[in-house]
Amino acid sequence: MRIVVGVGGGIAAYKACSLVRKFTETGHHVRVIPTESALQFVGKATFEALSGNPVQTGVFADVPEVPHVRIGQEADLVVIAPATADLMARAASGRADDLLTATLLTARCPVLFAPAMHTEMWEHPATVANVATLRAHGSTVMEPASGRLTGADTGPGRLPEPEEIFALASLLLERSDALPRDLEGRRVVVSAGGTREPLDPVRFLGNRSSGKQGYAMARVAAQRGAQVTLIAGNTIGLEPPAAVDVVHVTTAEQMGTAVDKHSVGADAVIMAAAVADFRPVNVAAAKIKKGAHEPNSIELTKNRDILAGLVQARRDGQLGGLAIVGFAAETGDEHGDVLTHARAKLARKGCDLLVVNAVGEGKAFEVDNNDGWLLGADGTEQSLDHGSKALLASRVLDALGPLLR
Ligand code: CTP
């Protein structure tokens, strides 16, 4: 694919280098177009070396090639990172006073802005209006991350990490339309990762969930406008998604308590976590040693089912019209195939949607891609085509939107 990476003049311009690298490493043809001021932060030679293509900022270089029209027309995706307040203002008003803004006017492909600026600039009514205009024009403007800005100050306005911009960019290539803002004003709780049930201070019973699918759910929901609380169990050291509140938990019991607390007043709960069904009855206070008192078995007790508890609480009228999504990782066995087990699970759990992944043989766990089926309580069944975990998340949210009260 032909990707244009536009770079605005902000300190986060150095992070555009990692982004360019990710695109080239995944086989894309990349053209970097910085603004003049971006070159105050990162030199032209760096972008040329990383992309393998010439870099220019104005419209008067290489004139017979008409680059200010051709690059935009030929692009499959334009990603602006960092998108500064000034660059978004120029783009929103349709200016074409440099190669990047001219390219934005001629591009007919998906356009993704990854904003980076100080909180005051991000919250200023002028920027708010420009973001709304860009979205109305069909561009996807990411929510920025919160955290440490250039100086000592912190707040929303940090550039989302390159991994996150790359995930969203890949999603736009897969979907080939803008990300809808259909979850604006909604509160969504997502659980992710595996729980760990301690045996002693150094050992636990755990599972192979990486948390990637749940993190993708949280990320895409936030970028569709939702206020998201991510309840994260053990993950493989994933970066927290931008614009998401993260609550870290370890055990199934802690996860249950956190989900119960945050689901009050929420519009939807998405249980992507791999919650342990059992925990050891006894947790040794000191490390279990070889020798005289070696255990030869572990006695287990059942954990409560968090998802089933939510469904019950909703039936009892405690959670309003909360929409509830479950996940099921299934392997077929002598009693039936993956879908047979999944249909029975949906009926047993009573949630509104069940996302079904076939697991085993390198599928679903730890990897970046996923596929499966989406079963609805109303009897609908759709297959979720193979693609990134962000794409699967996006398809689930497409189905969830109409179920929200
Ligand atoms: N789940 C939960 N609490 C548990 C176990 C599971 O909330 N104690 C949720 C998971 O987050 C997931 C769904 O239930 O959304 C299905 O999980 P799964 O482990 O497949 O279901 P189980 O009911 O444990 O079924 P199985 O007998 O296949 O293990």
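Both counts, for ligands and for their atoms, begin at 1 and track the order of listing. Residue numbers run from 1 in the order of the sequence given.
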Exercise. Return each pair, listed once, that meets ring pair (Phe, Tyr, Trp, His ring centres under 6.0 Å) where at least one residue sits in residues 134-189; pairs must be two or more places apart or across chains.
Key: Phe23-Phe166
Where does ligand 1 get N/O contacts under 3.5 Å from the protein, atom by atom?
residue	atom	partner	partner atom	Å
ligand 1	3 (N)	Ile306	N	3.0
ligand 1	7 (O)	Ile306	N	3.3
ligand 1	7 (O)	Leu307	N	2.8
ligand 1	8 (N)	Arg304	O	3.0
ligand 1	11 (O)	Met271	O	3.4
ligand 1	11 (O)	Ala273	O	2.8
ligand 1	14 (O)	Lys349	NZ	2.9
ligand 1	15 (O)	Met271	O	2.7
ligand 1	15 (O)	Phe327	N	2.9
ligand 1	15 (O)	Phe327	O	3.3
ligand 1	20 (O)	Lys345	NZ	2.5
ligand 1	21 (O)	Lys345	NZ	3.2
ligand 1	23 (O)	Lys349	NZ	2.8
ligand 1	24 (O)	Asp277	OD1	2.9
ligand 1	24 (O)	Asp277	OD2	2.9
ligand 1	25 (O)	Lys345	NZ	3.1
ligand 1	28 (O)	Lys345	NZ	2.8
ligand 1	29 (O)	Asp277	OD2	3.2

Self-check item: Heavy atoms of other groups near Arg304 CZ, more than 12 under 6.0 Å
Solution: yes
Quiz item: By side chain to side chain donor-acceptor pair (under 3.5 Å), which residues pair with Lys22, not counting sequence neighbours?
Solution: none
Quiz item: Is Arg21 atom CZ crowded by more than 12 heavy atoms from other residues, nucleotides or ligands, each under 6.0 Å away?
Solution: no
Practice problem: Mind checking side chain to side chain donor-acceptor pair (under 3.5 Å) for Glu299 and listing every partner two or more places apart, or none if nothing turns up? | Solution: none
Quiz prompt | Polar side chain donor-acceptor pair, Asp98 to Thr101, under 3.5 angstrom | solution = yes
